[in-house]
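Working notes for the structure below.
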Amino acid sequence: MNSPDTIMPPNLFRGDSDPTGNRKLKSTIIDQQFQTNLINGGVGRVIFEAPLQHLVNEHISIGWEKTHFLSFSEDYHTAFKYGANNLILSIHDRDIQYAEYFNSGTNWDFAILELEPNKIRWNVIRPGLYEGFYSPTLIEFSRLNIEYRILLLNVEEILLSANNANYKQSVEKAKIDKEWLLLPATIKQFNFNQWEYSAILDGSCIKSKKFKSDLS
């Protein structure tokens, strides 16, 4: 699926509890739909109007409330801590305090998602920035008879390439978290003449989902 000179991104993980319920994670995850914060009243055109590094820095440093990105990490434990909303959680405590939730339903506290890079056809736009295509499963995208498009960003590489001292704090944070950002980048028509990114990730690129419950 990938050309011989394509650099494959690493396995990536996302911990998500959707604490405010704005993204309706528990009701949409069953259908392989993953919403970004953009869907809850964000301004879609921002992604086209502002420099990419600026938006990445905004997401990392101060937290972008209506972010277009979904955060992933190369490190499973880092994703677990963010999902559990416990950034000092040890691996030992993680395995004791949280149990796997196997029943269908919504009684779990957070989910761990794993991206499946091998299912995606990758193009390297520049170091740290990948363009990916894959076959969607959500009807709103599959009926278009096109491949679903995402952008995947290595945060550390993207920000370092900007050579901007204002990004130093975000670079250090991204280095610790081994953070990547995924941007759902399939165009969708919202009004008669308005086209924006969908704000919804088609989940056929997700390799696995684990549901965790807090036993404490």
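Fair warning: this is a prediction, and the values are worked out from it, not measured in the lab.
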Just wondering, are more than 12 heavy atoms of other shown residues or ligands nearer than 6.0 Å to CD1 in Ile139? no
Report the residues that fulfil side-chain contact (heavy atoms from CB on, under 4.5 Å) with Ile88, sequence neighbours left out, ordered by chain and then residue number. Asn86
For the pair Leu182 and Leu151, evaluate side-chain contact (heavy atoms from CB on, under 4.5 Å) and give the outcome as yes or no after the intermediate values. CA-CA 6 Å; Leu182 188 153; Leu151 294 177; over 6 Å; no
Which label fits Tyr98 and Phe80: parallel for a plane angle under 30°, tilted from 30 to 60°, or perpendicular past 60°? perpendicular
Just how far is it from atom CD of Glu58 to atom NZ of Lys66, taken to the nearest 0.5 Å? 13.0 Å
Ring pair (Phe, Tyr, Trp, His ring centres under 6.0 Å) against Phe13, all qualifying residues, sequence neighbours excluded: Tyr76
Minimum heavy-atom separation for Ile200 and Pro184, please, with both atom names. O-CB, 3.7 Å
To the closest 0.5 Å, what do you measure between CD (Gln97) and NE2 (His92)? 10.5 Å
Value for CG (Leu55) from CD1 (Ile158), rounded to nearest 0.5 Å, stands at 12.0 Å
Cluster link Leu181 to Leu159, ILVMFWY, side chain under 4.5 Å: yes
Minimum heavy-atom distance Glu49-Arg45, with the two atoms named: OE2-CD, 3.0 Å
Ignoring hydrogens and angles, tell me if any N or O in the side chain of Lys26 forms a donor-acceptor pair with the backbone of Thr106 under 3.5 Å. yes
Verify whether one side chain among Gln33 and Lys24 offers a donor that lies under 3.5 Å from an acceptor in the other. no
Under 4.0 Å between a Lys/Arg side-chain N and an Asp/Glu carboxylate O for Glu100 and Lys210? no
Considering only heavy atoms from C-beta outward, does the side chain of Met8 approach that of Asn118 to under 4.5 Å? yes
Do other residues, nucleotides or ligands put more than 12 heavy atoms under 6.0 Å from the CD atom of Gln169? no
Are the side chain of Gln32 and the backbone N or O of Gly203 linked by a donor-acceptor pair below 3.5 Å? yes
I want to check something: taking the side chain as every heavy atom from C-beta on, are Asp16 and Arg23 in contact at a cut-off of under 4.5 Å? yes
Under a 4.5 Å side-chain heavy-atom rule over Ile, Leu, Val, Met, Phe, Trp and Tyr, are Ile30 and Leu70 clustered together? yes
Note: Phe141 and Pro136 closest approach over all heavy atoms is CB-CB, 3.8 Å
Enclosure of Lys209 NZ (heavy-atom neighbours >12, cutoff 6.0 Å): yes
If you apply the rule side-chain contact (heavy atoms from CB on, under 4.5 Å), what do you find for Phe72 with Leu152, and how did you get there? CA-CA 10 Å; Phe72 283 78; Leu152 188 64; 5.5 Å; no
In this structure, are over 12 heavy atoms from other groups packed under 6.0 Å from Asp95 atom CG? yes
Give me the ring orientation class for His59 and Phe69: parallel if the planes are under 30° apart, tilted from 30 to 60°, perpendicular past 60°. perpendicular
Under 3.5 Å side-chain donor-acceptor pair for Asp202 and Ser204: yes
Nearest 0.5 Å please: distance from the CD atom of Glu156 over to the CD atom of Glu179. 11.0 Å
Neighbour count >12 (heavy atoms, 6.0 Å) for atom CG, Asn22: yes
Identify the two heavy atoms, one from Arg149 and one from Thr186, that lie closest to each other, and give their separation to 0.1 Å. N-OG1, 2.7 Å
If I take atom CZ from residue Arg143 and atom CD from residue Glu140, how far apart are they, to the nearest 0.5 angstrom? 7.5 Å
Would a hydrophobic clustering, with Ile, Leu, Val, Met, Phe, Trp and Tyr connected at side-chain separations under 4.5 Å, put Ile96 with Leu89? no
With the side chain counted from C-beta on, respond yes when Val46 and Leu38 share a heavy-atom pair under 4.5 Å apart, and no when they do not. no
Residue pair Pro19 / Asn85, side-chain heavy-atom distance below 4.5 Å: no
Given the rule that I, L, V, M, F, W and Y join up when any side-chain heavy atoms are under 4.5 Å apart, are Leu183 and Tyr167 in one cluster? yes
Does some side-chain heavy atom of Val155 sit less than 4.5 Å from a side-chain heavy atom of Asp177? no
Are the side chains of Gln35 and Thr28 in touch, meaning some heavy atoms are under 4.5 Å apart? yes
Just wondering, do Ser198 and Tyr148 contact through their side chains at under 4.5 Å, heavy atoms? yes
So how far is it from Ser71 OG to Ile60 CD1, rounded to the nearest 0.5 Å? 5.5 Å
Could you walk me through whether Leu25 and Phe34 pass the side-chain contact (heavy atoms from CB on, under 4.5 Å) test, one step at a time? CA-CA 7 Å; Leu25 177 66; Phe34 302 95; 4.1 Å; yes
Check whether any side-chain heavy atom of Pro117 sits under 4.5 Å from a side-chain heavy atom of Asn11, and report yes or no. yes
Run through Asn123, Ile125, Ile120, Val124 and flag the one making a side-chain contact (heavy atoms from CB on, under 4.5 Å) with Tyr130. Val124
Does the ring centre of Tyr197 sit less than 6.0 Å away from the ring centre of Phe48? yes
With side-chain contact (heavy atoms from CB on, under 4.5 Å) as the test, would you mind laying out the steps for Tyr134 and Glu116 before giving the verdict? CA-CA 11 Å; Tyr134 58 92; Glu116 188 169 15; over 6 Å; no
Flag yes if Leu115 and Leu113 sit in one hydrophobic cluster, no otherwise; membership is Ile, Leu, Val, Met, Phe, Trp, Tyr, and two members link when side-chain heavy atoms are under 4.5 Å apart. yes
